[in-house]
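For reference, the structure is listed below as structure tokens.
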Amino acid sequence: ERLQQLANSISLPKDMVLGAATASYQIEGAINEGGRGPTVWDHFTHIPGNIADGTNGDIACDHYHRLEEDVALMKELGLTAYRFSICWSRILPNGRGPINEDGLAFYERLTDLLLEAGITPYATLYHWDLPLPLQEEGNGWLRRNLVEDYVHYVNITTKRLGAKIKHWTTFNELFTFTWWGYGLKEDAPGLGGGAKAALTASHHALLAHGKAVPVIRKNVPDAQIGIVLDLNPVTPASNAPADIDAARRFEGCQNRWYLDAIFKGQYPADMLETYKDVLPAIEPGDLDEIAQPLDYLGINIYRRSVIEDGTEFAPVNFKRHLPEGQYTQMGWEVHPQCLYDILQYVNTNYSPKQLYITENGAAFPDTVEADGSIQDWDRSSYMLTHLEQAARAIEDGIPLKGYFCWTLMDNFEWAEGYLPRFGLIHVDFGTQKRTIKQSGKLYAMVAGQLQGKLQES
Ligand code: GBH
């Protein structure tokens, strides 16, 4: 009853898309099955020291073998949409060359199950699992011609699956995989090449995005096409000029570099200055090609960033300030207003046609009760307070069409392994038993309330 009251307190429009998100490497497992080729994440996780708990995604949630069960659970959660990613190496095991029919068939089967369950598929074409052979050739995204390989993969995939999948996302979080994977060594491929490498990889990935959009349009004339960025509202930690300028640089690095390129066809002037010694090769016409008209922008939002002057990501040179407050297992501050603030900021400065929150959620430990139920009040409260901010944004006229919770079920959290749990569904990784958490039941009630409104109208 208490849950039902809480669910009723959220007032969203009846046509709001409520979904959950996942990514191929984090859930599928079966890395050597169905003709799949190796990816950079298979390689990276098997190097000792790279993953906090020494684990990998070899099995993960074994989702590859559990499509029916997992789609049934989505239906139980009342989801109207599901955001998943396609593993390039399942489609083209060598990155290019022979097409693997089993890989295409796997995603088609998932799509059929979703459609039968009344769940709209939202497919992401790249959530960081680059085919390993393409990494070994010229360091992956540092090689400009990887753009052509990506476009080829997108062409094959959307041609085949476009009859059933209408929502396409070119990339998930350019900032994360380029800065943490190419700039630093935290994520695959663990290159550690600093700002120059991060910006080179970013430029090529942006170009790949821009060149892929018209290809998807041609293959899927009625497609909704977008990109997903991880954005943060940024505030300086103090009024000191050094902190204010560090906040500007950090904000330029994470947000404006990508937003300006995609929506304005130019890199921000102040950041071109900040980056002047580490700029990638930019050819004439690149920015025009990057700035393709899009149907939506997806935002992954977990927290705000309070920034002071420092030494991280040189020459961005920032340090993260951690205000007093509640923190998740990831060490991320809980600050629900961040969701409203980022939507407001993006809508005001870039006016995308439609917006989605493509990821929002929290890692907290689960308490398993004697009766087997899973109490996760911290996650439930995170979800409700953030959904309230989504409702507020819609009331203010921001074209927010949907919200996807990160994540459907506990899964492989990259460099943190299986330690943080983000799921609406608890996974026992020993037995692969799934249990819907309290937060999942709450989400189902919010979804049920929308369903009710729809039926009344
Ligand atoms: C998203 O990225 C991903 O899309 C998703 O796959 C992931 O599971 C989810 O969020 C939850 O993490 O920033 O100091 O904590 C998250 C962005 C940025 C998280 C890099 C880890 C490194 C350490 N990631 N970050 S820190």
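Note that ligands are numbered from 1 as they come in the structure, with each ligand's atoms numbered from 1 the same way.
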In a table with atom names and distances, give each donor-acceptor pair under 3.5 Å that connects a side chain of residues 78-92 to protein atoms at least two apart or in another chain.
unit_1	atom_1	unit_2	atom_2	d
T80	OG1	L18	N	3.1
T80	OG1	L18	O	3.3
Y82	OH	T22	OG1	2.7
R83	NE	T124	OG1	3.4
R83	NH1	T358	O	3.2
R83	NH1	E359	OE2	3.0
R83	NH2	N172	OD1	2.8
S85	OG	S24	N	2.8
S85	OG	S24	OG	2.9
W88	NE1	G95	O	3.0
S89	OG	P38	O	3.4
R90	NE	E28	OE1	2.7
R90	NH1	E33	O	3.2
R90	NH2	E28	OE1	3.2
R90	NH2	G29	O	3.1
R90	NH2	A30	O	3.3

Could you give all pairs that pass the side chain to side chain donor-acceptor pair (under 3.5 Å) test and reach residues 197-211, with sequence neighbours left out? T170-H209, T178-S202, S202-Y258, H203-Y267, H203-D286
Under the criterion side-chain hydrogen bond (donor to acceptor under 3.5 Å, both in side chains), I'd like the reasoning laid out for H152 against D149: C-alpha separation, chi angles, the key distance, then a yes or no. CA-CA 5 Å; H152 174 66; D149 293 315; over 6 Å; no
Quick one: side chain to side chain donor-acceptor pair (under 3.5 Å) pairs with a partner in residues 412-425, sequence neighbours left out? Q26-W414, D410-R421
Return a table of N or O atom pairs, ligand 1 on one side and protein on the other, at distances under 3.5 Å, rounded to 0.1 Å.
unit_1	atom_1	unit_2	atom_2	d
ligand 1	2 (O)	E173	OE1	2.8
ligand 1	2 (O)	E173	OE2	3.2
ligand 1	4 (O)	H127	NE2	3.3
ligand 1	4 (O)	N172	ND2	3.0
ligand 1	4 (O)	E173	OE2	3.4
ligand 1	4 (O)	E359	OE1	3.1
ligand 1	4 (O)	E359	OE2	2.8
ligand 1	6 (O)	Q26	OE1	2.8
ligand 1	6 (O)	H127	NE2	2.9
ligand 1	6 (O)	W414	NE1	2.8
ligand 1	8 (O)	Q26	NE2	2.9
ligand 1	8 (O)	W406	NE1	3.2
ligand 1	8 (O)	E413	OE1	2.6
ligand 1	10 (O)	Y302	OH	3.2
ligand 1	10 (O)	E359	OE1	3.2
ligand 1	12 (O)	E413	OE2	2.6
ligand 1	13 (O)	R303	NH2	3.0
ligand 1	15 (O)	W332	NE1	2.9

Flag the pair R304 and D341 as a salt bridge only when some basic side-chain nitrogen lies within less than 4.0 angstrom of an acidic carboxylate oxygen. no
Please examine the side chains of M409 and D70, heavy atoms only from C-beta on, and report whether any two atoms are closer than 4.5 Å. yes
